[in-house]
Amino acid sequence: MALNDQRRSSTGGFDPWRGQSPAGSERRRLSFNPVAQWDPPVAHEEAPIGVVETSKSKCIAQVAIAAIYCLLAAGPVFGYAAIKPVLVQEGVYRETCTKQELRDGVWVCYEQELRLNLMFTVAAVSTNVCALPVGTVLDRYGPRIASLVGVAFLTLGSLFMAFAAEVPFDGYIPGYFFLALGGPFVFISSFQLSNTFPKYSGSILALLTGAFDTSSAIFLGYRLLYQGTDGSFTPKKFFLCYLVVPVFILLAQIFLMPAQSYKTIGELVAQVEEEPPSTTTNGDHRTPGRRRDRESVTSEITALLGPKKADKRVAVEEKRANQSGVYGAMHGKTALQQVLSLWFVLITLFTVVQMLRINYFVATVRTQYTELLHSHSAGVQVNEFFDVALPLGGVIAVPLIGIVLDHTSTPFALALLVGLATLIGAFGVIGEMWAAYANVCVFVIYRPLYYTAVSDYGAKVFGFATFGKVYGLVICLAGLFNFTQAALDTLTHRTFGNDPVPVNIILLVTALFVGILLVGFVWRKSYTLSREKLEDEAEDAREVLMPDADEDAVEGAHQNGSA
């Protein structure tokens with residue numbers, strides 16, 4: 001296979017930031033983690049290392065260990081709904097309750113609810129906003145240093161959470177904040193391991209992403225331990241035990257993981273193409289050495305990628321790009337031009353509203369259903385079902401995500417998102433147990449599909465040259481807007497007397513309005529782009545003679561006609 005074909009395939013399939021839109025399994029790495037930069041960044045201080053330089057057994061061990069520590073540390077803070085009951089039972093922020101609320105024996109009082117939810121809101125916002133520092137550290141220092149930064153944050157977070165009840169200040173918010181910061185540093189740094197086996201890069205990324213989603217079950221496991229020991233296994237004991245996790249990651253980084261990112265296929269191809277076949281420096285002929293280097297890199301590409309798979313991959317990628325309907329709509333534009341376009345404004349509004357709804361539901365699922373079902377025990381039952389369904393939903397949704405984004409257009413995928421979001425909103429105002437279970441089931445499938453579809457939209461519409469900046473800005477703005485969750489809590493508790501229905505209706509109507517605007521705009525643009533493409537193809541089409549036609553006679557007829 002020609003080197004140019006290899007380059008197009010590799011950059012499109014295995015190094016998607018330089019080429020085509022990511023394929024299904026590769027795109028799933030974007031599924032559940034709302035951070036901006038997903039491509040394994042290239043460390044510039046030292047050149048990335050080649051996979052062939054590392055033994056196969058070591059590569060397997062690296063992937064396996066990364067999956068384990070991502071399962072333990074990538075996103076446990078999103079299991080907030082599971083650990084919140086433990087914190088309430090431990091009396092966290094109980095001192096903020098009024099005497100009347102204490103006499104009434106409420107499960108969680110108004111100010112206590114606000115402070116606890118603020119803890120999660122700060123963590124959710126920081127997870128989104130920290131995309132830029134994560135990317136900067138990765139680019140400049142490589143995955144090992146970035147992971148060690150994550151280790152430091154995880155250690156700080158565990159210590160703050162362990163001793164929060166004993167320090168003279170509020171240690172819970174900074175503790176949860178540092179746990180949230182540590183996750184992206186560890187998780188995103190592991191993406192470059194997909195280059196260990198490029199033929200299976202999608203599977204590796206899906207494995208790491210699945211580990212991230214399942215990590216929300218860490219706090220569920222702790223809550224079950226807490227309940228099983230009648231509260232004797234306190235948060236202090238748990239978070240001191242959790243210090244084993246950053247120690248495990250530290251040892252893995254020092255003794256097993258690569259200091260610099262593994263080369264992508266695209267980087268290997270670039271290395272071959274950028275180096276001339278022969279070079280003479282100060283009369284010293286180095287042609288044989290250069291040739292050996294090129295042959296070594298070329299053989300590495302062939303060994304990693306395979307000679308036939310690349311051509312097939314290119315064809316599949318081109319088909320998916322055409323199927324999208326909006327692929328390339330803003331490619332070639334500057335980041336500023338993209339940000340000022342309706343493509344950006346509408347997807348940002350949609351993301352802001354949907355992320356607010358998602359995180360608000362995660363933070364308040366028990367209190368909402370305690371009021372909707374008029375029963376504390378029913379609220380607990382729904383909460384416990386949600387704790388199990390949330391990590392499972394991320395794993396179950398993987399094939400659905402692939403089907404939707406690989407085999408449908410972008411307007412259809414967005415319309416499906418709006419439809420599911422509307423269904424969640426409708427279930428959220430029905431005070432019946434069946435509606436509660438249905439709401440949770442749809443929600444845990446919708447959440448990863450939403451994050452992936454928005455990422456897919458950004459990649460296809462804006463392209464990879466500006467993806468980090470543009471998509472990062474979308475997620476950053478949405479994350480910052482999550483601070484308005486406190487206003488929603490205030491409305492629910494003070495204005496509407498703890499009734500969650502009015503706020504849910506407000507969110508439903510707002511999301512539906514913004515969603516209709518977005519889908520309508522994208523669908524219309526998809527139709528326009530399709531027509532323009534057909535017109536361009538018609539103009540570029542070459543005239544083909546019928547089998548029995550006389551070419552000279554046809555040419556003469558054209559000349560006479562033009563005369």
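Quick caveat: nothing in here was measured; it's all calculated off a predicted structure. Note: hydrogens, waters and symmetry copies are ignored here, and every other heavy atom, side chains too, is used.
For the 3.5 Å distance criterion, the side chains of Tyr437 and Glu432 fail to qualify, holding no donor opposite an acceptor.
Shown here are the salt bridge (charged side-chain N to carboxylate O under 4.0 Å, His left out) partners of Asp170, two or more places apart in sequence or in another chain: Arg115.
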*Could you go through the side-chain contact (heavy atoms from CB on, under 4.5 Å) check for Leu507 and Tyr360 one step at a time?*
CA-CA 10 Å; Leu507 291 173; Tyr360 180 65; 4.2 Å; yes
*Would Thr348 and Val352 satisfy side-chain contact (heavy atoms from CB on, under 4.5 Å), going step by step from the backbone distance to the final call?*
CA-CA 6 Å; Thr348 300; Val352 162; 4.3 Å; yes
*asked:* Before you tell me yes or no, could you show the steps for Tyr69 and Gln253 under side-chain hydrogen bond (donor to acceptor under 3.5 Å, both in side chains), namely the whole-Å CA-CA distance, both residues' side-chain angles and the distance that decides it to 0.1 Å?
replied: CA-CA 11 Å; Tyr69 65 60; Gln253 292 298 327; 3.1 Å; yes
*Check the pair Phe443 / Phe427 against ring-ring contact (aromatic ring centres under 6.0 Å, His included), numbers first and verdict last.*
CA-CA 10 Å; Phe443 177 87; Phe427 283 141; over 10 Å; no
*Starting from the C-alpha separation in whole Å, work towards a yes-or-no answer on side-chain contact (heavy atoms from CB on, under 4.5 Å) for Asp499 and Thr492.*
CA-CA 6 Å; Asp499 183 3; Thr492 300; over 6 Å; no
*May I have the step-by-step check of side-chain contact (heavy atoms from CB on, under 4.5 Å) for Tyr93 and Glu111, ending in yes or no?*
CA-CA 8 Å; Tyr93 298 133; Glu111 288 293 339; over 6 Å; no
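Atom-to-atom distance recorded for Asn498:CG and Thr370:OG1 is 10.0 Å, nearest 0.5 angstrom. One finds the CD atom of Gln485 at 12.5 Å from the CE atom of Met355 (value rounded to the nearest 0.5 Å). Summarising the geometry, atom CG belonging to Leu488 is positioned 5.0 Å from atom CG belonging to Leu356; distances are rounded to the nearest 0.5 Å. With rounding to the nearest 0.5 Å, the separation of OG1 in Thr367 from CG in Asp489 is 7.5 Å. Rounding to the nearest 0.5 Å gives a distance of 10.5 Å between CG of Leu373 and CD of Gln368. Annotation: the span from Leu349 atom CG to Leu517 atom CG amounts to 8.5 Å, rounded to 0.5 Å.
Residue Val167 comes nearest to Gly171 through the heavy atom pair CG2-N, 4.3 Å, listed as atom of the first residue, atom of the second, then distance. Minimum heavy-atom separation, Ala478 to Thr351: CB-CG2, 3.8 Å. Looking at every heavy atom in both residues, Tyr222 comes nearest to Pro235 through OH-N, 2.8 Å. The heavy-atom pair separating Met161 from Tyr176 by the smallest distance is SD-N, 3.7 Å. When all heavy atoms of Pro85 and Ala82 are compared, the pair lying nearest together is CD-O, 3.3 Å. The nearest pair of heavy atoms linking Leu508 to Ala426 is CD2-N, 4.3 Å.
Residues Phe248 and Ile68 are in side-chain contact: their nearest non-hydrogen atoms beyond the backbone lie under 4.5 Å apart. Residues Leu181 and Val149 fail the side-chain proximity criterion, which asks for heavy atoms closer than 4.5 Å. Residues Thr98 and Cys109 are not in side-chain contact: their nearest non-hydrogen atoms beyond the backbone lie 4.5 Å or more apart. Pro184 is listed as a side-chain neighbour of Thr127, based on a closest heavy-atom distance under 4.5 Å. For the pair Pro500 and Thr364, the minimum side-chain heavy-atom distance is 4.5 Å or more. Phe239 has its side chain out of reach of Phe163: every pair of non-hydrogen atoms, C-beta onward, lies at least 4.5 Å apart. For the pair Val380 and Tyr369, the minimum side-chain heavy-atom distance is 4.5 Å or more. Contact annotation: the side chain of Phe153 never approaches that of Leu179 to less than 4.5 Å [non-hydrogen atoms, C-beta and beyond].
Checking side-chain atoms of Asn504 against main-chain N and O of Gly428 turns up a donor-acceptor pair under 3.5 Å. Proximity of a side-chain donor or acceptor of Arg366 to a complementary backbone N or O of Gly379 within less than 3.5 Å is not detected. Between the side chain of Ser216 and the main chain of Gly79, no donor-acceptor pair closer than 3.5 Å is present. A distance-only check finds a donor-acceptor pair linking the side chain of Lys237 to the backbone of Ser232 [under 3.5 Å]. With hydrogens and angles ignored, the 3.5 Å screen pairs no side-chain donor or acceptor of Arg94 with any backbone N or O of Gln112. Distance alone, capped at 3.5 Å, is enough to place a donor-acceptor pair between the Gln62 side chain and the Leu256 backbone. Between the Thr214 side chain and the Ala211 main chain, no donor and acceptor come within less than 3.5 Å of each other. Counting only distance, with no hydrogens or angles, the side chain of Thr229 and the backbone of Phe233 share a donor-acceptor pair below 3.5 Å. For Tyr110 (side chain) and Cys97 (main-chain N/O), no donor-acceptor pair under 3.5 Å exists by modelled atom type. Using a distance-only test at 3.5 Å, with no hydrogens or angles considered, a donor-acceptor pair links the side chain of His374 to the main chain of Glu371.
Around the CZ atom of Phe483, the shell of radius 6.0 Å holds more than 12 heavy atoms that belong to other residues, nucleotides or ligands.
Ring pair Tyr446/Tyr450 is parallel by interplanar angle, where below 30° counts as parallel and above 60° as perpendicular. Using bins of under 30°, 30° to 60° and over 60° for the plane-to-plane angle, the ring pair Phe160/Phe178 lands in the parallel bin.
Side-chain rings of Phe219 and Tyr80 stay apart, their centers remaining 6.0 Å or farther from each other.
A salt bridge between Lys84 and Glu113 is present, with a side-chain N of the basic residue lying under 4.0 Å from a carboxylate O of the acidic one.
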